[in-house]
Each structure stands twice: as C-alpha cells, then as structure tokens.
Participant: 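Would you mind keeping the following structure in view while I ask a few things?
We name chains A, B, ... by the order of the sequence lines, and we start the count at 1 in each one.
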Amino acid sequence: MKNLLYQKQWNWKVSGIALGIAFLLAVVCVKPIGVSTQFVIFDGVIWDLFSPGLVVDDAEASTGYSSTNPYLNKSGGKYAKSVAKPLNYSFVFALAMVAGGFLASRLQTTRLGKKELAAPKVWRNKFGDSSVKRYIVVFVGGVLALFGSRLAGGCTSGHMMSGMMQTSISGYLFAMGAFACAVPTAIIMYKRGE
Amino acid sequence: MELLFAILIGTAFGFILQKAGAANPQRIIDMLRLKDFHLMKAIFLGIGSSSLLLFALLALGWVDSSHVSVKTAYSGVILGGAIMGIGWAVSGFCPGTGLVAAGARRKDALFFTLGGLAGALLFTLIYGSIKSSALFEKIGEGKITLAETGIESYTALLPSVPGVAVAGGIGIVFILIAWKLPKGSPSE
C-alpha cells in the first residue's frame, strides 16, 4: 500500500482498476466525471469580472440565471448559473484534480528534471531543447483540444470514459473521431522511432 | 455534501491519472504513435470494469438512476473529437490530464491549460453563430445508449436485452482486450 503512494508509476492493472473505481464512484455519489466544461466556466468567471452584465439573475430562466452570451445561456442558463456560482460540484472537482496531481508528484520518490518538466523526451529528441518552441506548440494544442471538446460537448473523461462506461453512442463516436486523428498526427509528427 | 465529494473524488482522480501515467505526455504520445500500450490497457480495463459494475448496480437498484447522464450524439461530436485528437497528439495532454500535469508542476502543462482557456473562450464566442448549423443536428434520438438503462429519456439500441447483459458483455470484451493487447515497447 505504501509503495502505491510513492511509486512513480502504477502498472496497467492497478491503473485500470483505480480509474474504473473513480469513474464508478463519481456516478454512484453524484454524476459522471467531465472536465472540459470547467474551462468555459473559468473563462466566464474572469469575463464577468470585466463586464459584470455578462451573467444576471433571471427569474424566467429555468436555472434562475441568464447570459447575453448564447453559449452560457444555453439549456436555461446552465453555464450562466455555474459562472455566477463557481463553488459548484463540477468546478471544485476540476480544481481538486490539480491538487491530486500535485499530491501524487510530491509523494513520488523519483523527481523529474527541469528539462523533462518542460518537454517530454520524445519531443526533445525530435525538436531539440528549446522550451519556447514546446510552449508555443502546446498552447496551440490546448486551443485545439478545448475548442474540439466544447464542439463535441465533452472530452476524454466526459465522452470517452464516462460515456463509454454508460455505453452511450456519443462516447463511441467521440473516441472514433479522436483516435482517427490523434494516431496519424502523432505518427507524422513524432515518427515511429525514439 | 456534494462539495465534499467533489474535493475527495476530484483529488483521488487527479492522483490516479498522475500515477497511471496519463498526465505524462511521453506516455500519451507513445500510446498514440502505437509504441506503448500501457495506458491503452489501463483505459480498456477501467472502462470495462466500471461499465460492468455500473449496470449491475443499476439492475440491483443500488444506484440512483438520476445520476446517469448520457450525452447527445450529433455530428459535431465526431468533428470535435477529431479536432481534440489533433491537439491531444501534438501536446500529449487532454483537458483533464493537462490540469493534473500542471498540478504536478509540469511547465508545458501550464501553457496547455492557458491554450485550453483560449480555445474554450473562442468556442463560447462563436457558438451563437454556429448553433443552428447541421453540426448540432442530433443523430437519431440523440441521447442513445447500446444497453438499456431503464431511464425513459434515453433510447437503448438493444432494448429487449437486459442492460446488464449488454454492458456486461461489452465490459468483458474490453477487459479481454486489456489483457490481450501487447505491452509494446515503452521508452521509460
């Protein structure tokens, strides 16, 4: 047990069972895990600071909130409500994930070097040690990943894991689209070698 | 109570993703270029076992069925998945694992998260002009599952077979795939 806390990496069986338990526990206790919506909520909270009229109380909306932005106003102001009240389950869940990553890395006995924390080996072998180049490309990767996830209505956790766990067609479709593009992209960009 | 669950399960989930190697871009890229199947095996085992158990618990009535939440299928799901896939392969992060890796003090994950906030904002701004397009037309009944959930608002493609048999069957196939997939040749 102690080993599991300090190990750098679990084997696939422990990893898989732990992932399964987390996804199951989330549904049993509250609802399926999903992350990408919270990027929108965070944006909304910041945006609302600069233009306070973005999200308003609205007794006629089914959630009690509405927004001038059509996306935040969608489904009776569902996202508008989360922006107005960010201390909700899903938003706190996403913040807690950051803490979980921090905790796991702190407990780990082997520490990663500075170079590794900026770019993985596969990147450095192919594109060299410049961190700036890596940061720019990763930023663009982030734009694509979240834009795509919001268009799809979920990401790897919401669609692929939670979705396929519930045998939902949207989950299989998302996984198909994602792998059909991700595998060729990775092979072309990083090649098959080291 | 919900917030307590959010903190506990959220922290545990972040911890698990980090320990499973899912927040390590090297492992993601190696999986996607078909070199290292450690994560693929873990994901198949995770989905297979949780699906089997979820439908067993639903059949026993031990899970509140209002907790089940099936997303709508529309063509934008496939296109969005494809765009997400490119960002995933290029960076080695997906939205959740990017957050976890940033917590684990990866600097590149911080830039991924910033890019993610920009991408989410971009979508929030253009949604109004694309929301009536064919991208969001639902496929069939929209909220469709293979296995019968017993919930009225969802349509099952195999309604006459008990949900636990369908999901259990798929779950067992997933677990078998997890066992049979070769490990590949991980670079670490």
Participant: Non-hydrogen atoms of chain A under 4.5 Å away: do they reach the side chain of B:A12, the backbone, both or neither?
Facilitator: neither
Participant: What do the steps show when you test A:L151 against B:I83 for side chain to side chain contact (heavy atoms under 4.5 Å, CB included), and what is the final call?
Facilitator: CA-CA 9 Å; A:L151 172 59; B:I83 298 173; 4.2 Å; yes
Participant: Among A:L144, A:V35, A:V40, A:L117, which residue forms the greatest number of heavy-atom pairs with chain B at distances under 4.5 Å?
Facilitator: A:L117
Participant: Is it the backbone or the side chain of A:A18 that comes under 4.5 Å from a heavy atom of chain B, or both, or neither?
Facilitator: both
Participant: Enter the distance from A:M160:CE to B:I47:CD1 here, rounded to the nearest 0.5 Å.
Facilitator: 7.5 Å
Participant: So does A:G153 get a backbone contact from the side chain of B:K71, meaning a donor-acceptor N/O pair under 3.5 Å?
Facilitator: yes
Participant: Is it the side chain or the backbone of B:Y154 that comes within 4.5 Å of chain A heavy atoms, both, or neither?
Facilitator: neither
Participant: Under a 4.5 Å cutoff for heavy-atom pairs, which residue among A:M176, A:Q38, A:K13 has the most contacts with chain B?
Facilitator: A:K13
Participant: So which of A:G44, A:S168, A:A22, A:A175 has the biggest tally of heavy-atom pairs under 4.5 Å with chain B?
Facilitator: A:S168
Participant: Under 3.5 Å, which donor-acceptor pairs link side chains of residues 84-93 of chain B to any protein atom two or more places apart or in another chain?
Facilitator:
{"from": "B:S91", "atom 1": "OG", "to": "B:G87", "atom 2": "O", "distance (Å)": "2.6"}
{"from": "B:S91", "atom 1": "OG", "to": "B:F93", "atom 2": "N", "distance (Å)": "3.1"}
{"from": "B:S91", "atom 1": "OG", "to": "B:F93", "atom 2": "O", "distance (Å)": "3.4"}

Participant: When heavy-atom pairs shorter than 4.5 Å are enumerated against chain A, which of B:G163, B:A73, B:G48 gives the highest number?
Facilitator: B:A73
Participant: Could you check, using the six-membered ring where one of them is a Trp, whether A:F23 and B:F13 have ring centers closer than 6.0 angstrom?
Facilitator: yes
Participant: So which residue, B:A167, B:P95, B:S51, ends up with the most heavy-atom pairs under 4.5 Å with chain A?
Facilitator: B:P95
Participant: Go through the atoms of B:F112 and report whether side chain, backbone, both or neither lie under 4.5 Å from a heavy atom of chain A.
Facilitator: both
Participant: If I measure from the heavy atoms of chain A, does B:A156 come under 4.5 Å with its side chain, its backbone, both, or neither?
Facilitator: neither
Participant: So which of B:P25, B:A104, B:G98 has the biggest tally of heavy-atom pairs under 4.5 Å with chain A?
Facilitator: B:A104
Participant: Heavy-atom distance under 4.5 Å to chain B: side chain of A:I33, backbone, both or neither?
Facilitator: side chain
Participant: Taking B:H67 for the side chain and A:K31 for the main chain, is one N or O donor matched with an acceptor at less than 3.5 Å?
Facilitator: no
Participant: Taking the side chain as every heavy atom from C-beta outward, state whether B:L110 and A:Y135 have any atom pair closer than 4.5 Å.
Facilitator: no
Participant: Could you walk me through whether B:L117 and A:L146 pass the side chain to side chain contact (heavy atoms under 4.5 Å, CB included) test, one step at a time?
Facilitator: CA-CA 7 Å; B:L117 288 171; A:L146 265 299; over 6 Å; no
Participant: Counting distance only, does the side-chain N/O of B:Y74 pair as donor-acceptor with the main-chain N or O of A:A152 below 3.5 Å?
Facilitator: yes
Participant: Could you grab the distance from atom NZ of A:K121 to atom CD of B:Q26, nearest 0.5 Å is fine?
Facilitator: 6.0 Å
Participant: Going through the checks in order, is the side chain to side chain contact (heavy atoms under 4.5 Å, CB included) test met by B:W62 and A:V28?
Facilitator: CA-CA 8 Å; B:W62 291 0; A:V28 171; over 6 Å; no
Participant: Quick check on the interface: out of B:V63, B:I28, B:L54, who has the most heavy-atom pairs with chain A under 4.5 Å?
Facilitator: B:L54
Participant: Between chain B and each of A:A186, A:G100, A:G20, A:A180, count heavy-atom pairs under 4.5 Å; write down the option with the most.
Facilitator: A:G100
Participant: Against chain A, label B:I139 side chain, backbone, both or neither, depending on which of its atoms sit under 4.5 Å from a heavy atom there.
Facilitator: side chain
Participant: Side chain from CB out, backbone as N, CA, C, O: work out which of these in B:M1 comes under 4.5 Å of a heavy atom of chain A, or both, or neither.
Facilitator: neither
Participant: Heavy atoms only, distances under 4.5 angstrom: which of A:S162, A:S157, A:A119, A:P184 has the most pairs with chain B? Name it, please.
Facilitator: A:A119
Participant: Report which part of B:I175 has an atom under 4.5 Å of a heavy atom belonging to chain A: side chain, backbone, both, or neither.
Facilitator: neither
Participant: With a 4.5 angstrom heavy-atom cut-off, is it the side chain or the backbone of B:F55 that approaches chain A, or both, or neither?
Facilitator: side chain
Participant: Can you tell me how far OG of B:S50 sits from CE of A:M164, rounded to the nearest 0.5 angstrom?
Facilitator: 10.0 Å
Participant: Measure B:L157 against the heavy atoms of chain A and call it side chain, backbone, both or neither at under 4.5 Å.
Facilitator: side chain
Participant: Would you say the side chain of B:R33 lies within less than 4.5 Å of the side chain of A:M189, judging by non-hydrogen atoms?
Facilitator: no
Participant: Output, in order, the C-alpha distance, side-chain angles, deciding distance and verdict of side chain to side chain contact (heavy atoms under 4.5 Å, CB included) for B:L34 and A:I187.
Facilitator: CA-CA 8 Å; B:L34 311 177; A:I187 291 177; 4.2 Å; yes
Participant: For each of B:L146, B:L114, B:V166, B:L121, tally heavy-atom pairs with chain A at distances under 4.5 Å, and name the one with the top tally.
Facilitator: B:L146
Participant: Is there side-chain contact between A:L107 and B:F15, with heavy atoms separated by less than 4.5 Å?
Facilitator: yes
Participant: Rounded to the nearest 0.5 Å, how far apart are OG of B:S49 and CD1 of A:I17?
Facilitator: 6.5 Å
Participant: Indicate the ring-plane relationship of A:W12 and B:W179, choosing parallel, tilted or perpendicular according to the 30° and 60° boundaries.
Facilitator: perpendicular
Participant: Which residue out of A:S149, A:S131, A:C29 racks up the most heavy-atom pairs below 4.5 Å with chain B?
Facilitator: A:C29
Participant: Among residues 71-87 of chain A, which ones touch chain B with a heavy-atom distance under 4.5 Å?
Facilitator: A:Y71, A:L72, A:K74, A:L87
Participant: Is the distance from the ring center of A:F139 to that of B:F111 below 6.0 Å?
Facilitator: no
Participant: B:L135 versus chain A, heavy atoms under 4.5 Å apart: side chain, backbone, both or neither?
Facilitator: side chain
Participant: I'd like to know if the side chain of B:E2 and the backbone of A:N88 have a donor-acceptor N/O pair within less than 3.5 Å.
Facilitator: no
Participant: Quick one: what part of B:F37 sits under 4.5 Å from any heavy atom of chain A, side chain, backbone, both or neither?
Facilitator: neither
Participant: Just so I understand: if I count every heavy-atom pair under 4.5 Å between each of B:G103, B:C94, B:G140, B:A118 and chain A, which residue has the most?
Facilitator: B:G103
Participant: Which region of B:L52, side chain (C-beta onward) or backbone (N, CA, C, O), has a non-hydrogen atom less than 4.5 Å from a non-hydrogen atom of chain A, or is it both or neither?
Facilitator: neither
Participant: Below 4.5 Å, heavy atoms only, C-beta onward: do A:F39 and B:T113 meet side chain to side chain?
Facilitator: yes
Participant: If you look only at pairs with a residue in residues 99-127 of chain B, which of them pass as a salt bridge (Lys or Arg N to Asp or Glu O under 4.0 Å), with sequence neighbours excluded?
Facilitator: A:E116-B:R106, A:R134-B:D108, B:R106-B:D108
Participant: Roughly how far, to the nearest 0.5 Å, is CG of A:L19 from CG of B:L17?
Facilitator: 6.0 Å
Participant: State the CZ-CG distance between A:R150 and B:L122, to the nearest 0.5 angstrom.
Facilitator: 13.5 Å
Participant: Is there any side chain to side chain donor-acceptor pair (under 3.5 Å) pair reaching into residues 39-55 of chain A, and which pairs are they, with sequence neighbours excluded?
Facilitator: A:W47-A:S51
Participant: Answer yes or no: is there a side-chain heavy-atom contact under 4.5 Å between B:Q18 and A:Q108?
Facilitator: yes
Participant: Is B:K143 close to chain A through its backbone or its side chain, or both, or neither, when contacts mean heavy atoms under 4.5 Å?
Facilitator: neither
Participant: Check whether B:T72 gets within reach of chain A through its side chain, its backbone, both or neither, counting any heavy atom under 4.5 Å.
Facilitator: backbone
